[in-house]
Amino acid sequence: MKLDLLGDRQRTHFCGDLRQSHAGQTVFLAGWVARRRDLGNLIFLDLRDHTGITQVVCNREVSPEAHDKAEEVRAEYVVGVEGEVVLRAPDTVNAQIPAGEVEVKAKTLLLLNEAKTPPFPIEDEIKTVEETRLRYRYLDLRRGKMQKIIRLRHRASLAVREHMSANGFIEVETPFMTRSTPEGARDFLVPSRIHHGHFYALPQSPQLFKQLLMIAGCDRYFQIVRCFRDEDFRADRQAEFTQIDIEMAFPQRDVLFDVIEQLMEKLFALVDVKVDRPFPRLAYDTAMEKYGSDKPHLGFDLAWKRVNLPDGAGEKLHIMQPLKALRVPGWESASRSQLDKLQDLARANLADWFSYIKVSGNEIHSPLDKIIGGEAVRALANSVEAAAGDLVLLVSLKSSSVTRQALQRLDAASGELRLELARRRELIKPGTWSFLWVVDFPMFEYDEKEKRFGAMHHPFTSPREEDLDKLESDPASLKARAYDLVLNGSEIGGGSIRIHRQDIQKRVFDALSLTPEKARERFGFFLDALESGTPPHGGIALGFDRIIALMAGESSIREVIAFPKTASAVDLMCDAPATVDPEQLEELGLSIKN
RNA sequence: GGGGACGUAGUUCAGCUGGUUAGAACGCAUGCCUGUCACGCAUGAGGUCGCGGGUUCGAGUCCCGUCGUCCCCGCCA
């Protein structure tokens, strides 16, 4: 096939631009052939670019040359068209596309490139499995839907940079080739050619660098930055992902929250969502107690309450008190099998006692009636203000199995039940955008396997100042100056006020069973820096991919990353990771086992 | 690391209790067609049933293993 040269021709319009007002103009369009409809001496081409589609008419009577070429054209061929914009006859207007009132009468058709038949149609709605889409990602991204997402992401990046800069934050780049840090996720390693046996690590986040920038006097820093974590992946987790990383010196938490809330307002305005400010704040302990989650969805009004049984009833049931009760308004009609499914869910989440109460008019029914008596059941129902027509769910632990871990599992189970009820009762209204701050996280969590405390956030998080004297005596009770940003039950960011004093940092390392030697080996440079005039500082990191996914209404961040990897961290398009030449290994001083 | 779902034509799927030559739709190719826009009509090509082993007279179908994709748990400060 003979192809044409573009020469010095320039596009005069995009395909989605043309309207009635352009009628009579001679235009030059270029793009991909979305569809060809061949009626013999009349051929219609749907010409597509990132802005939309315009119909091109190739009429043998108007231009035999253009018509000849149109006969050669196939799906996804790249063509240029010169011709006149003409109004369509009223009965041939296509109301489905914005440019549907006009069409371009082709005078010249340039065949710029041919194309193999694509493995899937280049359309918004396709049924193709994700594997195929990822293998041919360049074609997948050609779809209008993906172009919209890519462009939304671009506008979001611009909004972040504008907003942060306007608030005195400067973007500073930090190294991708750095050193491995303890704790946290597994690192991706890069072997050094010059120093055999030594490795760079790709950063899990620029945590230390942003703190060093505070020590350096940068005052307010941000960066839209790639982070790398070598753990198992999910719909909302990738091997490499993008954070909006933020840090400020002399921080007041409320000032930081305000900057972030305004940022969210600007970002969601891009998708015409009005964000309510200020965002509510919830203590971690309250979140766990009432919602059974450290990232609760507050877009629906269900909350657990700790309630006590009347005297003596607890002993009859052999369960822990207080137990947890949840009033489900208007679901007295729940069927036996529906309740059984909820009980299964509770059990699957290791809550070891589940029951319920139905309030129907003046009558109250519960499997507990026979065991603890109707009066006690009524008292329970009253303690959560259950009204006629309501259902009350109850969960607890066997009194013999109450441990810290069991209590955490009970909270987690109550959280799962709450979410399941929201799904089943369709309590989450479309268009709900429920932001919230979760604050006052525990400083440490006990690692059963390692038999030591680990940092819940990271080891540079400051304890609350009023808790400092309990650092050694009661670390489990310590609260950190850490916070998470939650949207509709998804964690979209987290941060903390950091430790800026070297003496406190040493005490925290100590509580984490990190010996001075180990600490010095791992980040001696950082401890030195801490002694060099560190201002109070703190910040946050926002999950950019997750935020874009929520804005775009996508449930997987793969949909908003141009070239994502699979759950096993494989790039199906370029087939990475891959083996390398033996010479390359030799240079690096590496050999592969087996 | 564990659990679940899926894997058949380029794509999306059907394929019963194991039984002749593995089907459909869309797409693709060729021809006809001047107002289509999911064009239409006619004809046709296209299959390592993910891969390997086993059972059987016979396997897309049953069994074992393995690979891949997705979802969940663990993990991810």
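Residue numbers start from 1 in every chain, and the chains themselves are labelled A, B, ... in the order their sequence lines are given, proteins ahead of strands.
Phosphate contact (OP1/OP2 of rC37(B), side-chain N/O of Arg36(A), threshold under 4.0 Å): absent.
Partner assigned to rA25(B) is rU11(B), using Watson-Crick or G-U wobble distances below 3.5 angstrom. The partner of rC70(B), taking Watson-Crick or G-U wobble pairs whose two distances both stay under 3.5 Å, is rG4(B). Partner assigned to rU55(B) is none, using Watson-Crick or G-U wobble distances below 3.5 angstrom. Pair check for rU36(B) finds none; no Watson-Crick or G-U wobble contact set falls under 3.5 Å. When both distances must be under 3.5 Å, the Watson-Crick or G-U wobble mate of rA42(B) is rU30(B). Searching all strands for a Watson-Crick or G-U wobble partner of rC16(B) with both distances below 3.5 Å returns nothing.
The side chain of Arg37(A) approaches rC39(B) more closely than any other nucleotide in the set rC76(B), rC39(B), rU34(B). Of the candidate nucleotides rU36(B), rC70(B), rG1(B), rU36(B) has the atom nearest to the side chain of Phe44(A). Of the candidate nucleotides rU69(B), rC33(B), rC76(B), rU69(B) has the atom lying nearest to any side-chain atom of Val570(A). Comparing atom distances between the Thr117(A) side chain and each of rU34(B), rU36(B), rG27(B) picks out rG27(B) as nearest. The side chain of Arg229(A) lies closest to rC76(B), out of rC70(B), rU36(B), rC76(B). Looking at the side chain of Asn41(A), the nearest of the listed nucleotides rG1(B), rU34(B), rG35(B) is rU34(B).
A parallel orientation is assigned to the rings of Phe257(A) and Trp437(A), their planes being inclined by less than 30° (bins at 30° and 60°). Between Phe460(A) and His458(A), the ring planes are tilted. Angles from 30° to 60° get that label.
Comparing rU30(B) with rG23(B), their P atoms sit 25 Å apart, to the nearest whole Å. Atom name C1', nucleotides rG52(B) and rG10(B): the rounded distance is 26 Å, in whole Å. Separating the P atom of rU11(B) from that of rG50(B) is a span of 13 Å, rounded to the nearest Å. If you take atom C1' in rU55(B) and the same atom in rU61(B), they sit 13 Å apart, rounded to whole Å. Here, rC28(B) and rC37(B) have their P atoms 16 Å apart, quoted to the whole Å. Remark: the separation of the P atoms in rC64(B) and rA5(B) is 13 Å, to the nearest Å. Taking the P atom of each, rC26(B) and rA38(B) are spaced 15 Å apart, rounded to whole Å. Separation of the C1' atoms belonging to rU8(B) and rG44(B) is 22 Å when rounded to the nearest angstrom.
Electrostatic pairing of Glu465(A) and Arg481(A) counts as a salt bridge here, judged by a charged N lying under 4.0 Å from a carboxylate O. The pair Arg237(A)-Glu231(A) does not count as a salt bridge, with every side-chain nitrogen at least 4.0 angstrom from each carboxylate oxygen. With salt bridges taken as basic N to acidic carboxylate O contacts below 4.0 Å, none links Glu491(A) and Lys295(A). A salt bridge does not link Lys69(A) to Glu65(A): none of the charged side-chain nitrogens sits closer than 4.0 Å to a carboxylate oxygen.
Contacts of residues 45-67 of chain A with RNA chain B (heavy atom under 4.0 Å): Gln55(A), Asn59(A), Glu61(A). Residues from residues 478-504 of chain A lying near RNA chain B, meaning a heavy-atom separation below 4.0 Å, are absent.
Asp91(A) comes within 4.0 angstrom of no nucleic acid atom, judged by non-hydrogen atoms across all strands. Counting non-hydrogen atoms under 4.0 angstrom, Arg135(A) reaches nothing in the nucleic acid. Contact annotation for Arg88(A): base contact, defined as any heavy-atom pair under 4.0 Å involving a base atom. Glu416(A) comes within contact range of no nucleotide atom at all, as no heavy-atom separation falls under 4.0 Å. Nucleic acid contact for Ala235(A): sugar-phosphate only, since backbone atoms but no base atoms lie under 4.0 Å from a heavy atom of the residue. Residue contacts shown for Ser568(A) are limited to sugar-phosphate atoms, with no base heavy atom under 4.0 Å away.
The side-chain heavy atoms of Lys479(A) and Lys470(A), taken from C-beta on, include no pair separated by under 4.5 Å. Looking only at side-chain heavy atoms (C-beta outward), Arg546(A) and Ser490(A) stay at 4.5 Å or farther from each other. Between Arg137(A) and Arg133(A) the shortest side-chain heavy-atom distance falls below 4.5 Å. By the 4.5 Å heavy-atom criterion applied to side chains, Arg36(A) and Arg74(A) are counted as neighbours.
Counting to the nearest Å, the C1' atom of rA29(B) and the CG atom of Asp38(A) are 14 Å from each other. In this structure, Glu130(A) places its CD atom 11 Å from P of rU69(B), rounding to the nearest Å. For the pair Met456(A) CE and rC76(B) C1', the interatomic distance rounds to 13 Å; values are reported in whole Å. Atom pair Asp230(A):CG and rG1(B):C1' shows a separation of 14 Å (rounding to whole Å applied). Spacing between atom CG of Asp124(A) and atom C1' of rA38(B) amounts to 14 Å, rounded to whole angstrom units. In this structure, Arg186(A) places its CZ atom 15 Å from P of rG74(B), rounding to the nearest Å. Glu71(A) places its CD atom 10 Å from the P atom of rC33(B), with the value rounded to the nearest Å. The distance from atom CG of Asp236(A) to atom C1' of rC72(B) is 12 Å, rounded to the nearest whole Å.
No N or O donor and acceptor, one from the side chain of Glu131(A) and one from the base of rG50(B), sit under 3.5 Å apart. A donor N or O paired with an acceptor N or O is found under 3.5 Å between the base of rC75(B) and the side-chain atoms of Arg237(A). Side-chain to base pairing of Arg35(A) with rC37(B): no donor and acceptor N or O lie closer than 3.5 Å to each other.
Within a 6.0 Å sphere centred on CZ of Phe176(A), heavy atoms belonging to other residues, nucleotides or ligands number more than 12.
Nearest-nucleotide mapping onto RNA chain B: of Pro119(A) and Thr566(A), the residue sitting toward the 5' end is Pro119(A). Where Arg234(A) and Phe120(A) each meet RNA chain B at their nearest nucleotide, the meeting point lying more 5' is that of Phe120(A).
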For this session: With side-chain contact (heavy atoms from CB on, under 4.5 Å) as the test, would you mind laying out the steps for Leu421(A) and Leu342(A) before giving the verdict?
Result: CA-CA 9 Å; Leu421(A) 285 165; Leu342(A) 290 175; 4.0 Å; yes
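Note that CE of Met456(A) is 6.0 Å distant from CG of Asp294(A), once rounded to the nearest 0.5 Å. Taken from CG in Asp484(A) to CD1 in Ile540(A), the straight-line distance is 8.0 Å, to the nearest 0.5 Å.
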Using atom names, set out every protein N or O paired with an N or O of nucleotides 12-14 of chain B below 3.5 Å, distance rounded to 0.1 Å.
from, atom 1, to, atom 2, distance (Å)
rU12(B), OP1, Val129(A), N, 2.8

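For the residue pair Gln243(A) and Ser205(A), no side-chain donor N or O sits within less than 3.5 Å of a side-chain acceptor on the partner.
Taking the six-membered ring for Trp and the full ring otherwise, Phe14(A) and His50(A) have centroids separated by under 6.0 Å.
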